[in-house]
Amino acid sequence: MPNWCATNYLLRGPKDRIQDFCDKVNACVDKPDIMNNDFGRLWLGNLYAVIEKETDIGTILQADVRGCIDPDPDSEACFCGPEGNVRYLYPEKDIRTGEKNWAHIAFSTQTAWDMSKWFNKMLEEKYPELEVSFMTTDEFGNFHKCHNPERLGISHIEIWHHDHGEYSFDTAEEAAIILNIFGLDFTKEDIENQSEEFCKKINEYNENHEYEELEITVWKLV
């Protein structure tokens with residue numbers, strides 16, 4: 001039984017390319033499953049067939065399509081399938097420029113063990129115009145990986161504190177919050193670049209306070 005991995009994606013770019021991606025995903029809903037599977041119509045194998053225009057998935061690793069698209073942009077790692085009857089992913093107006101010819105879209109994938117290498121490669125090759133950001137972790141927290149070139153929409157540090165719940169914040173706030181709560185002094189550059197000193201001190205803090213409620217989770221930049 002694999003560990004399930006949730007990857008939350010945020011795509012930004014020209015509206016027509018976002019729409020094209022949405023159309024490809026939506027086409028899976030009405031497409032017969034190309035192989036028996038437990039992932040439903042939004043199975044990555046169906047998306048592979050739509051995008052590559054072929055039904056033979058023998059050319060890639062089965063593990064790369066072992067999972068599905070989940071319209072929930074904040075799904076957690078635990079394969080239960082997409083909740084409800086949500087069928088469509090809608091493009092939206094770009095939050096940075098407001099231009100009508102730009103859009104952004106948020107969704108997730110649920111996959112076995114790790115994120116799908118095929119899915120990421122497909123986005124890179126088929127949609128090079130789109131800016132791709134993501135956060136990915138498995139259900140047991142064995143890894144926390146983040147890709148966010150523009151530092152927008154996806155945080156790469158989270159703090160759990162018994163008085164305040166979960167912190168998820170922009171880079172500009174991180175140094176002050178870490179200093180105020182943990183007494184650890186870092187520059188903005190230390191945090192943004194995940195310097196060796198930064199990672200060492202965070203790991204040491206978590207190890208020394210393993211049984212306390214305070215914890216810092218650093219999402220490794222990839």
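Note that the structure is predicted; figures quoted are calculated from it, not measured.
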So which of Thr109, Thr136, Asn120 actually passes side chain to side chain donor-acceptor pair (under 3.5 Å) with Tyr9?
Asn120
Looking only at non-hydrogen atoms, find the nearest pair between Phe39 and Cys68 and report the distance.
O-CB, 3.9 Å
Side chain to side chain contact (heavy atoms under 4.5 Å, CB included) filter on Asn142, not counting sequence neighbours, yields Asn3, Asp138, Phe140
Residues at least two apart in sequence or cross-chain that pass side chain to side chain contact (heavy atoms under 4.5 Å, CB included) with Arg41, listed by chain then number, are Asp33, Asn46
Dump the intermediate steps for salt bridge (Lys or Arg N to Asp or Glu O under 4.0 Å) on Glu197 and Lys201, then the final yes or no.
CA-CA 6 Å; Glu197 180 186 11; Lys201 286 186 176 180; 3.1 Å; yes
Residues Phe198 and Phe186: closest non-hydrogen pair is CA-CE2, 3.4 Å
Taking salt bridge (Lys or Arg N to Asp or Glu O under 4.0 Å) as the definition, give me every residue that meets it alongside Glu204, ordered by chain and number, with sequence neighbours left out.
none
Contact check, side chains of Trp102 and Lys15, non-hydrogen atoms, under 4.5 Å:
no
Side-chain touch Tyr48/Met122, heavy atoms, less than 4.5 angstrom
no
Those residues that, when tested against Lys24, pass salt bridge (Lys or Arg N to Asp or Glu O under 4.0 Å) (two or more places apart)
Asp20
If you take all heavy atoms of Trp43 and Val65, which pair is closest and at what distance?
NE1-O, 2.7 Å
By side chain to side chain contact (heavy atoms under 4.5 Å, CB included), which residues pair with Ser108, not counting sequence neighbours?
Asn8, Asp70, Ser75
Determine whether the aromatic ring centres of Phe134 and Phe107 lie less than 6.0 Å apart.
no
Are Phe143 and Trp4 connected into the same hydrophobic cluster when the rule is that any two of I, L, V, M, F, W, Y join if their side-chain heavy atoms are below 4.5 Å apart?
no
Which residues pass the salt bridge (Lys or Arg N to Asp or Glu O under 4.0 Å) test with Glu124, sequence neighbours left out?
none
